Amino acid sequence: MSLMDELRARLGDLAREINVDKNNKVWIIVDLDKLKNALSLLREDGFDHLSTITGYDDGEKIHLIYHLIRFNDRNSEDVNVITFTDRDKSIAPSILDIYPSALVYEREVFDLLGVRFEGHKGLKRLLLPEDVPEDFHPLRKDFKINAER
Amino acid sequence: MSVKIPIGPIHPMLKEPINFTFYVEGETIVDAEPNIGFVHRGIEKLTENKTWFQNLYLLEKVCGICSSSHQGCYAQGAEMIFEANVPEKALYIRTLMWELERLHSHLLWLGVIMHEIGFDTLFMYTWRDREAVMDLVEMISGRRVGYSINTIGGVRRDIDYRMLSKALDVANFIASRAEFYERVVLRERTILDRTDGVGVLSKVDAIRLNTVGPTARASGVKRDIRYNLPYAIYDETPFDIVTDDGCDVLSRIIVRIREMIVSAEIIKWIVFNMPKNGPIAAKITHFTKPPENEAISRVEAPRGELFYYIKSNGSLKPERVKIRTPTLANIVSVIHMVKGHYIADIPPIVAGIDPCMSCMDRVAIIDVRNDKKSLFNHDQLVRYAIKWYKKNYRWLREERR
């Protein structure tokens with residue numbers, strides 16, 4: 001549990017909660033305004049690999065999950081930072097200055113879930129064609145497809 | 001144009017389209033802009049409308065070459081959600097398929113990169129050797145592509161001693177061929193001229209841009225999910241991470257060839273340590289409801305770290321499946337790699353990260369100085385590159401020294 005103690009000491013008030021699930025995965029819940037501070041602290045601590053950004057809409061709010069890895073031979077560790085953004089406003093800070101690889105991941109989340117990342121220049125659709133309507137975000141839960149046909 | 005189900009992962013890995021815009025000054029590239037999304041199939045949205053078991057066969061179709069990695073990665077995540085005890089023998093069979101997949105994927109890629117630089121003899125050689133692996137895969141699973149061997153809780157087919165002895169033969173054969181290829185690649189002038197010093201990605205940049213897989217390891221980054229975050233049986237399997245400090249396309253070739261030798265060793269180890277008897281799957285039926293849970297599954301696919309995030313809401317269908325494929329992670333690095341290189345170097349650089357063969361189906365070349373725009377298709381570009389190198393190779397060779 002040394003990783004948990006380390007994270008608790010390092011993040012302090014920045015993290016609302018730090019949990020470990022049954023599969024030994026660490027989940028850090030942070031508020032949206034503290035996200036950038038928390039991520040840059042983690043980046044300084046060696047969590048320099050951003051696997052991806054997962055966006056998930058639960059019908060009330062949009063979850064943004066940042067999956068990080070700290071590589072250290074056989075003792076590598078991975079943590080997941082969760083934050084929530086409002087479904088109607090759906091604004092989040094861009095983390096491009098901390099993780100340059102977020103370039104495509106933020107565009108993907110914007111494309112499919114409509115989260116606007118503030119500070120991301122050139123935020124445009126990644127996967128869908130450019131001529132679809134502006135409020136067309138298919139991974140949102142109110143977007144229905146005709147599956148049972 | 002109306003698109004009905006427009007969600008899903010992008011796979012510019014097989015013969016699938018991607019569009020780059022390169023900004024050039026004379027012959028030198030100053031910037032590049034990839035444009036992806038042409039083969040968007042809405043798979044992530046579709047998974048929410050199919051049951052846990054139907055998704056196994058849907059997600060296998062994400063990629064034709066690394067189908068087992070995708071299916072295995074999903075099954076591994078689903079097992080965490082179902083809290084299943086996977087039998088040891090199933091993990092061994094699954095790992096065997098993963099390693100065979102790595103062998104045939106690397107052989108395919110080696111042929112493709114040789115084709116890109118106009119060395120088609122080696123292309124024929126590698127694709128012939130690849131058939132040995134494909135035959136073995138067909139013998140084990142019944143199919144050459146899309147093996148469907150994984151299921152949630154284990155694997156679907158048992159393995160017998162005939163398959164194991166053939167696996168041993170194939171591993172020995174591929175290892176000896178890989179040694180031959182390494183000798184050829186390091187000595188053949190044609191290959192060295194086109195790949196040495198081309199597409200440089202420094203170690204610092206590879207870490208900064210979160211490059212994954214053999215592309216990162218060719219820049220000296222010692223990162224391999226099999227080793228760093230072991231899954232299945234990799235924590236007991238003895239193997240080393242292959243790295244190279246060349247940072248160019250030549251090192252990417254060398255790393256992949258040496259990885260084939262390591263994979264052959266792992267296959268031999270699996271054959272000798274495979275449990276003789278025992279079940280091959282835990283009991284999970286189509287009507288088993290999982291608890292509410294979420295899981296993260298990572299697998300080292302042939303091209304790098306493959307990532308799945310799976311969330312269940314307690315019903316027969318998953319709530320959310322998120323896929324991050326290695327090519328998407330490496331696409332930012334490609335922009336970085338091509339800067340400062342010649343137009344003629346585009347085919348080996350872009351093929352160097354192991355994307356699809358027709359990734360550059362339509363390349364727009366814009367000359368910054370006179371704003372002339374011309375469209376090349378892939379064949380034209382390869383022909384242009386070969387012609388350009390024939391004309392310029394003398395001073396280039398001097399310059400690279």
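Here is the naming used below: chain letters follow the sequence lines, and residue numbers restart at 1 for every chain. Source: prediction; values computed, not measured.
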Check against side chain to side chain contact (heavy atoms under 4.5 Å, CB included), B:Lys45 and A:Phe143: CA-CA 10 Å; B:Lys45 186 77 177 175; A:Phe143 186 98; 4.0 Å; yes
More than 12 heavy atoms of other groups within 6.0 Å of [X] [atom1]:
{"X": "B:Lys61", "atom1": "NZ", "result": "yes"}
{"X": "B:Asp31", "atom1": "CG", "result": "yes"}
{"X": "B:Glu236", "atom1": "CD", "result": "yes"}
{"X": "A:Lys61", "atom1": "NZ", "result": "yes"}
{"X": "A:Asp13", "atom1": "CG", "result": "no"}

Could you grab the distance from atom [atom1] of [X] to atom [atom2] of [Y], nearest 0.5 Å is fine?
{"X": "B:Tyr309", "Y": "A:His63", "atom1": "OH", "atom2": "NE2", "value": "7.5 Å"}
{"X": "A:Leu126", "Y": "B:His40", "atom1": "CG", "atom2": "NE2", "value": "9.5 Å"}
{"X": "A:Glu77", "Y": "B:Asn228", "atom1": "CD", "atom2": "CG", "value": "11.5 Å"}

Evaluation steps, side chain to side chain contact (heavy atoms under 4.5 Å, CB included), between B:Tyr308 and A:Thr52: CA-CA 10 Å; B:Tyr308 269 64; A:Thr52 189; over 6 Å; no
When B:Arg223, B:Glu294, B:Arg324, B:Met80 are compared by non-hydrogen pairs under 4.5 Å with chain A, the top option: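 Of B:Arg223, B:Glu294, B:Arg324, B:Met80, B:Arg223 has the most heavy-atom pairs under 4.5 Å with chain A.
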Most contacts with chain A, counted as non-hydrogen pairs under 4.5 angstrom, among B:Glu83, B:Glu319, B:Lys50, B:Glu48: B:Glu319
Heavy-atom closest pair, residues B:Pro230 and A:Arg74: CG-NH1, 3.8 Å
B:Glu305 to A:Ser51 - nearest heavy-atom pair and separation: OE2-OG, 2.6 Å
Top contributor to chain B interface from A:Leu103, A:Val104, A:Ile69 [non-hydrogen pairs under 4.5 Å]: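 Counting heavy-atom pairs under 4.5 Å, the top option is A:Ile69.
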Under 3.5 Å: donor-acceptor pair, side chain of B:Asn210, backbone of A:Asp48: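 Judged by distance alone, yes, a pair lies under 3.5 Å.
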N/O donor-acceptor pair under 3.5 Å between B:Lys222 side chain and A:Asn72 backbone: no
Taking the side chain as everything from C-beta on, heavy atoms only, tell me whether [X] gets closer than 4.5 Å to [Y].
{"X": "B:Lys322", "Y": "A:Ile65", "value": "no"}
{"X": "B:Leu229", "Y": "A:Phe71", "value": "no"}
{"X": "B:Ile296", "Y": "A:Trp27", "value": "yes"}

Side chain / backbone / both / neither for [X] at chain B, heavy atoms under 4.5 Å:
{"X": "A:Ile53", "result": "backbone"}
{"X": "A:Asp73", "result": "both"}
{"X": "A:Asp111", "result": "neither"}

Contacting moiety of [X], where chain A heavy atoms sit under 4.5 Å:
{"X": "B:Arg320", "result": "side chain"}
{"X": "B:Ile81", "result": "neither"}
{"X": "B:Tyr234", "result": "backbone"}
{"X": "B:Val212", "result": "side chain"}
{"X": "B:Tyr227", "result": "both"}

B:Arg298/A:Asp78 under side chain to side chain contact (heavy atoms under 4.5 Å, CB included): CA gap, chis, key distance, verdict: CA-CA 11 Å; B:Arg298 283 190 179 91; A:Asp78 60 325; 2.9 Å; yes
